[in-house]
Amino acid sequence: GTVSPSRNGTTGDIRALTCNAGFTQEGATTASCQNTGTWLITPSTPTTCTANTCPAVLVAPANGTISITIGSTGDTAFDACNAGYTRVGANMTVCLPGGNWSATMPSSFPTPCKTNLTALVHGTATNQPGPNTSQS
């Protein structure tokens with residue numbers, strides 16, 4: 001949080017106590033310099049700044065994992081696809097000061113083979129059903 005304009009002052013000066021963006025303030029909002037040279041906090045409850053929470057809307061992609069599903073201001077959620085799957089979308093999202101996530105979680109799709117099989121000499125290569133193929 002901040003003390004504005006500064007922490008030093010003289011008798012009668014008033015300072016605003018504020019939390020940074022992304023944090024909710026509870027307790028004192030001002031401090032006034034007394035003739036004794038001490039600060040009087042008003043109200044007398046100490047100021048606390050609590051990080052805003054982002055909702056638990058994050059879901060790991062099918063065939064993948066996510067590091068966290070709920071967070072607070074500044075927290076980062078990372079995702080990863082399982083072996084044999086490729087990510088489509090951002091690999092992370094950040095809990096923003098307004099209490100929203102910066103991006104939706106990506107999807108994980110089966111990784112395609114990069115080269116085509118060539119016909120065998122004196123034979124053929126044919127499709128066989130696998131876990132990620134559809135049969136029609």
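Since the structure is predicted, the reported quantities are computational estimates derived from the model, not experimental observations.
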Between Val59 and Thr69, is a side-chain contact (heavy atoms from CB on, under 4.5 Å) present by the stated rule, with each step listed? CA-CA 7 Å; Val59 177; Thr69 58; over 6 Å; no
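- When all heavy atoms of Cys95 and Thr53 are compared, the pair lying nearest together is SG-C, 4.4 Å.
- Tested against Thr24, the residues Thr50, Asn52, Thr48 include a single side-chain hydrogen bond (donor to acceptor under 3.5 Å, both in side chains) partner, Asn52.
- Contact annotation: the side chain of Thr73 never approaches that of Leu96 to less than 4.5 Å [non-hydrogen atoms, C-beta and beyond].
- With rounding to the nearest 0.5 Å, the separation of OG in Ser107 from CZ in Arg87 is 11.0 Å.
- Residue Cys54 comes nearest to Gly99 through the heavy atom pair SG-C, 3.5 Å, listed as atom of the first residue, atom of the second, then distance.
- Counting only heavy atoms from C-beta outward, the side chains of Asp75 and Val94 never approach each other to under 4.5 Å.
- Here the CG-CG distance, from Leu40 to Asn35, works out to 11.0 Å after rounding to the nearest 0.5 Å.
- Put simply, the side chain of Thr86 does not reach to within 4.5 Å of the side chain of Ser108, judged on heavy atoms.
- In the hydrophobic clustering of this structure, Met105 groups with Trp101; members are Ile, Leu, Val, Met, Phe, Trp, Tyr whose side-chain heavy atoms approach within less than 4.5 Å, directly or through other members.
- Rounding to the nearest 0.5 Å gives a distance of 8.5 Å between OG of Ser72 and CZ of Phe23.
- Taking SG from Cys33 and CH2 from Trp39, the interatomic distance works out to 5.0 Å, rounded to the nearest 0.5 Å.
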Could you please spell out the steps behind the side-chain contact (heavy atoms from CB on, under 4.5 Å) verdict for Asn91 and Asp79? CA-CA 6 Å; Asn91 71 334; Asp79 78 275; 4.0 Å; yes
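- Distance CD1/Ile68 to OG1/Thr76: 7.0 Å, rounded to 0.5 Å.
- Nearest heavy-atom pair across Thr65 and Pro61 is O-CD, 3.9 Å.
- By the rule that hydrophobic residues join a cluster once side-chain heavy atoms approach within less than 4.5 Å of another member, Val57 and Ile66 end up as members of one cluster.
- Minimum heavy-atom separation, Gln25 to Leu17: NE2-O, 2.7 Å.
- To the nearest 0.5 Å, atom OG1 of residue Thr30 and atom CD1 of residue Ile41 are 7.5 Å apart.
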